[in-house]
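Notes follow once the structure below has been shown.
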Amino acid sequence: QVQPVESGGGLVRTGGSLTLSCAASEVSICISEMGWYRQAPGKERELVALITSGGGTNYIDSVKGRFTISSDNAKNMFYLQMDTLKPEDTAVYYCKTDVGRPCLDQTVAFWGQGTQVTVSS
C-alpha cells in the first residue's frame, strides 16, 4: 500500500476558489472512507470533510456551503472543491484514505504528505 498523493494547492485571494485532488493508491472498493484534513500553523489538525464509500458526506460547520467533497471511483480520485475562500482557510491540507477489505484484513488509514493552501486577504 502506498500513501495517497494530494495536488492542487496554491495561493489565492480571498473569495477565490481552488480544487484539491487526491490520488488514492488503492482501488475504490477497498476504501471505506476518505477525508480531507487541514492543519494551520500552531493549530491541531482538523477534519474538514469526509466521504464514505456509500457517498455520504460530512463537513465542519466553517466550510459548509463553501466546500464540496467528491469522488471519482473509476479513477480512484477524490476532490475538494473550495469556493469563497477565506484567510482562515490557510493551512496544509491532507488527504486520508481508510483502506480495508478486500485489500486488507483490517482497516488502515493512509495519509498523504499534504498540499499548502494560502488565502491572502
Side-chain angles (χ1 to χ4, degrees):
Q1 286 72 36
V2 179
Q3 64 184 148
V5 178
E6 306 96 338
S7 62
L11 174 63
V12 65
R13 292 184 180 273
T14 296
S17 298
L18 281 175
T19 300
L20 304 183
S21 300
C22 174
S25 61
E26 300 296 336
V27 294
S28 60
I29 59 172
C30 297
I31 298 175
S32 58
E33 187 175 280
M34 178 273 166
W36 284 100
Y37 292 72
R38 66 186 180 188
Q39 187 167 19
K43 295 187 177 181
E44 293 186 353
R45 189 173 298 187
E46 65 175 352
L47 174 64
V48 176
L50 62 84
I51 185 168
T52 67
S53 58
T57 59
N58 198 12
Y59 302 88
I60 57 171
D61 287 344
S62 62
V63 307
K64 285 181 180 178
R66 300 189 298 122
F67 290 11
T68 303
I69 189 171
S70 63
S71 64
D72 184 337
N73 293 337
K75 297 181 180 179
N76 297 333
M77 293 290 296
F78 302 89
Y79 306 95
L80 186 67
Q81 174 66 39
M82 305 185 294
D83 298 317
T84 319
L85 283 161
K86 304 176 181 180
E88 49 264 43
D89 295 318
T90 295
V92 178
Y93 283 71
Y94 298 89
C95 164
K96 180 177 77 76
T97 55
D98 291 343
V99 179
R101 291 179 182 273
C103 298
L104 299 174
D105 289 336
Q106 293 184 331
T107 300
V108 177
F110 292 90
W111 290 87
Q113 292 185 332
T115 184
Q116 177 70 46
V117 172
T118 303
V119 185
S120 63
S121 57

If I take atom [atom1] from residue [X] and atom [atom2] from residue [Y], how far apart are they, to the nearest 0.5 angstrom?
| X | Y | atom1 | atom2 | result |
| --- | --- | --- | --- | --- |
| Asn58 | Leu47 | CG | CG | 7.0 Å |
| Ser62 | Glu88 | OG | CD | 8.0 Å |
| Cys22 | Asp72 | SG | CG | 12.5 Å |

Next item on the list: Under the side chain to side chain contact (heavy atoms under 4.5 Å, CB included) rule, what do Glu33 and Ser53 come out as? Steps first, then yes or no, please.
Entry: CA-CA 6 Å; Glu33 187 175 280; Ser53 58; over 6 Å; no
[X] and [Y]: same hydrophobic cluster, using ILVMFWY side-chain contacts below 4.5 Å?
| X | Y | result |
| --- | --- | --- |
| Leu20 | Ile60 | yes |
| Met82 | Leu50 | no |
| Val48 | Tyr59 | yes |
| Tyr79 | Trp36 | no |
| Phe110 | Met77 | no |

Are the side chain of [X] and the backbone N or O of [Y] linked by a donor-acceptor pair below 3.5 Å?
| X | Y | result |
| --- | --- | --- |
| Tyr93 | Gly8 | no |
| Gln113 | Val5 | no |
| Glu6 | Gly114 | yes |
| Thr115 | Gly9 | yes |
| Gln39 | Glu44 | no |
| Thr107 | Gly100 | no |

Closest heavy-atom contact between [X] and [Y]?
| X | Y | answer |
| --- | --- | --- |
| Ser121 | Pro87 | CB-CG, 3.9 Å |
| Cys30 | Pro102 | SG-CD, 3.6 Å |
| Lys96 | Asp98 | NZ-OD1, 2.7 Å |
| Val99 | Leu104 | O-CD1, 3.7 Å |
| Ile51 | Ser71 | CD1-OG, 3.9 Å |

Check: Taking the six-membered ring for Trp, are the ring centroids of Tyr37 and Trp111 within less than 6.0 Å of each other?
Finding: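 Centroid distance Tyr37-Trp111: below 6.0 Å, so yes.
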Check: Is it true that the side chains of Asp83 and Ser17 contain a donor and an acceptor less than 3.5 Å apart?
Finding: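 On atom types as modelled, these side chains qualify, holding a pair under 3.5 Å.
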Next item on the list: Please check if any side-chain donor atom of Thr19 sits under 3.5 Å from a side-chain acceptor atom of Gln81, or the reverse.
Entry: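 Looking only at side-chain atoms, Gln81 and Thr19 do form a donor-acceptor pair, the distance falling under 3.5 Å.
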Next item on the list: Could you check if a side-chain atom of Leu18 sits within less than 4.5 angstrom of a side-chain atom of Val117, using non-hydrogen atoms only?
Entry: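 Sidechains of Val117 and Leu18: in contact.
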Checklist line | Minimum side-chain heavy-atom gap Lys86-Arg66 below 4.5 Å | finding: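 Yes - at least one pair of side-chain heavy atoms lies under 4.5 Å apart.
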Item checked: Result of checking Val108, Asn76, Ile31 against Thr97 for side chain to side chain contact (heavy atoms under 4.5 Å, CB included) ->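 So, applying the side chain to side chain contact (heavy atoms under 4.5 Å, CB included) to Thr97 and each of Val108, Asn76, Ile31, only Ile31 qualifies.
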Notebook entry, point to check: Would Asp89 and Phe67 count as a side chain to side chain contact (heavy atoms under 4.5 Å, CB included) if you check the C-alpha gap in whole Å, the side-chain angles of each, and the deciding distance to 0.1 Å?
Noted result: CA-CA 11 Å; Asp89 295 318; Phe67 290 11; 3.9 Å; yes
Margin query: For the residue pair Arg38 and Tyr94, would you count it as a cation-pi contact if the rule is NZ or CZ under 6.0 angstrom from the ring centre and within 45 degrees of the ring axis?
Written below: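 Geometry flag: not set, cation outside 6.0 Å or 45°.
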Check: Do NZ/NE/NH1/NH2 and the carboxylate oxygens of Lys64 and Asp61 come within less than 4.0 Å?
Finding: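 Counted as a salt bridge, because a side-chain N and a carboxylate O are separated by less than 4.0 Å.
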Next item on the list: Given side chain to side chain donor-acceptor pair (under 3.5 Å), test Thr118 with Gln116 step by step and report yes or no.
Entry: CA-CA 6 Å; Thr118 303; Gln116 177 70 46; 3.3 Å; yes
